[in-house]
Amino acid sequence: MRELAATVPVVSVTRRVAGGDSVYSDDWAGAAAATAHLISLGHARIAHMTATAYEGHEERRRSYAATMHNAGLTPEVVTADSYTQQAAERAAAVLLNRQDRPTAVFAHNDEMALGVREAAYAAGLSVPQDLSIVGYDNSRISQLHGIDLTSVDLQARELGRRSSGCVCSPFQPPSVDWRWLWHGSPWSYHPGDVRRNLDGIHV
């Protein structure tokens with residue numbers, strides 16, 4: 001990336017990459033907000049649905065575990081074989097059929113959250129009465145009628161806007177200058193749904 005950035009403007013979006021400029025949201029804060037939200041609802045058995053660890057996908061898991069520990073609760077990380085709805089549904093089918101099943105699940109992304117949701121219905125559970133689910137990204141599918149998934153907003157449009165601004169600007173910010181940029185209130189509440197919107201963007 002360093003070689004490419006020396007000849008043309010390069011910006012990594014959603015991932016912090018050494019050797020170039022990056023625009024990304026704060027996964028630690030987002031995962032902490034999602035976990036704290038579930039704790040505030042009275043949940044003590046909260047699982048985190050994720051998949052095989054690789055660079056750029058560990059911050060949400062670490063933040064979840066830290067938030068659970070700080071609340072005096074035991075984290076439970078469930079690792080599916082991929083970050084897809086189908087993989088999450090298979091992993092959740094085992095998780096939710098246990099006698100000591102969790103009462104809430106924080107999923108790494110919205111697609112995995114929908115997989116957990118399908119597994120819950122297959123197990124005869126009601127959402128959110130029997131199982132609370134929080135996703136991540138606030139993707140379009142999470143907002144479809146009948147789904148209305150509670151989700152941390154990745155602020156994709158804002159990430160895109162700021163990354164294009166970095167590319168187009170003749171004076172790009174230094175790669176080592178990581179700054180908090182807040183836009184309005186960090187929370188947004190929708191009727192009948194607590195949709196956590198994280199507005200913190202790093203540039």
Side-chain angles (χ1 to χ4, degrees), residues 13-16 24-41 43-68 73-98 100-157 159 190 193-198:
V13 184
T14 74
R15 290 289 175 266
R16 182 174 179 174
Y24 58 97
S25 60
D26 191 329
D27 278 351
W28 184 280
T35 308
H37 170 61
L38 291 170
I39 293 172
S40 74
L41 295 178
H43 294 287
R45 297 197 307 276
I46 304 169
H48 176 50
M49 179 65 68
T50 186
T52 306
Y54 65 91
E55 186 179 1
H57 280 68
E58 284 293 277
E59 197 79 344
R60 298 176 193 178
R61 179 190 61 78
R62 287 194 291 261
S63 177
Y64 152 80
T67 305
M68 291 288 284
L73 301 175
T74 303
E76 179 177 9
V77 177
V78 180
T79 305
D81 53 31
S82 71
Y83 290 90
T84 64
Q85 177 177 335
Q86 293 77 11
E89 185 173 350
R90 290 192 296 269
V94 177
L95 175 71
L96 299 179
N97 278 288
R98 288 184 352 206
D100 61 341
R101 67 168 180 83
T103 61
V105 175
F106 163 46
H108 177 85
N109 59 32
D110 289 343
E111 190 174 351
M112 298 190 84
L114 295 181
V116 174
R117 181 175 180 265
E118 290 304 304
Y121 287 137
L125 302 175
S126 296
V127 178
Q129 290 81 3
D130 298 321
L131 182 74
S132 291
I133 303 172
V134 174
Y136 205 108
D137 294 338
N138 196 21
S139 60
R140 182 179 178 277
I141 193 171
S142 73
Q143 303 170 41
L144 293 177
H145 178 70
I147 294 180
D148 297 322
L149 176 70
T150 297
S151 181
V152 177
D153 194 345
L154 189 64
Q155 295 290 324
R157 286 182 179 273
L159 288 171
H190 295 254
D193 179 34
V194 182
R195 191 176 302 282
R196 295 298 189 175
N197 290 325
L198 183 67

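In what follows, every heavy atom counts, from backbone to side chain, and hydrogens, waters and symmetry copies are set aside.
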So, for [X] and [Y], which heavy atoms are closest and what is the spacing to 0.1 Å?
| X | Y | answer |
| --- | --- | --- |
| Ala80 | Met49 | CB-SD, 4.3 Å |
| Leu73 | Pro75 | O-CD, 3.4 Å |
| Pro102 | Leu131 | O-CD1, 3.6 Å |
| Gly30 | Val152 | O-CG2, 3.5 Å |
| Val134 | Ala34 | CG1-CB, 3.7 Å |
| Val78 | Ala91 | CG1-CB, 4.1 Å |

For [X] and [Y], indicate whether the former's side chain and the latter's backbone hold a donor-acceptor pair under 3.5 Å.
| X | Y | value |
| --- | --- | --- |
| Thr50 | His108 | no |
| Tyr64 | Ile46 | yes |
| His48 | Phe106 | yes |
| Tyr83 | Thr52 | yes |
| Ser63 | Glu59 | no |

Spacing of [X] atom [atom1] and [Y] atom [atom2] [to the nearest 0.5 Å]:
| X | Y | atom1 | atom2 | result |
| --- | --- | --- | --- | --- |
| Glu58 | Trp28 | CD | CH2 | 11.5 Å |
| His37 | Thr67 | NE2 | OG1 | 13.5 Å |
| Leu38 | Met68 | CG | CE | 9.0 Å |
| Ile147 | Ile133 | CD1 | CD1 | 11.0 Å |
| Arg62 | Asp27 | CZ | CG | 10.0 Å |

Worksheet item: Does the side-chain contact (heavy atoms from CB on, under 4.5 Å) test come out yes or no for Glu76 and Leu95, once each step is laid out?
Response: CA-CA 10 Å; Glu76 179 177 9; Leu95 175 71; 3.6 Å; yes
Discussion item. Can you confirm whether Arg140 is buried at CZ, in the sense that more than 12 heavy atoms of other residues, nucleotides or ligands lie under 6.0 Å from that atom?
Written reply: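 No, because the 6.0 Å sphere around CZ of Arg140 holds 12 heavy atoms or fewer from other groups.
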Using atom types as modelled, flag every donor-acceptor pair under 3.5 Å from a side chain in residues 110-121 to any protein atom, sequence neighbours excluded.
unit_1, atom_1, unit_2, atom_2, d
Asp110, OD1, Tyr136, N, 2.9
Asp110, OD1, Ser151, OG, 2.7
Asp110, OD2, Asn138, N, 3.0
Asp110, OD2, Ser139, N, 2.6
Asp110, OD2, Ser139, OG, 2.8
Asp110, OD2, Ser151, OG, 3.4
Glu111, OE2, Gln85, N, 3.3
Arg117, NH2, Gly146, O, 2.8

Worksheet item: Excluding sequence neighbours, so at least two apart, what forms salt bridge (Lys or Arg N to Asp or Glu O under 4.0 Å) with Arg101?
Response: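 Salt bridge (Lys or Arg N to Asp or Glu O under 4.0 Å) list for Arg101, sorted by chain: empty.
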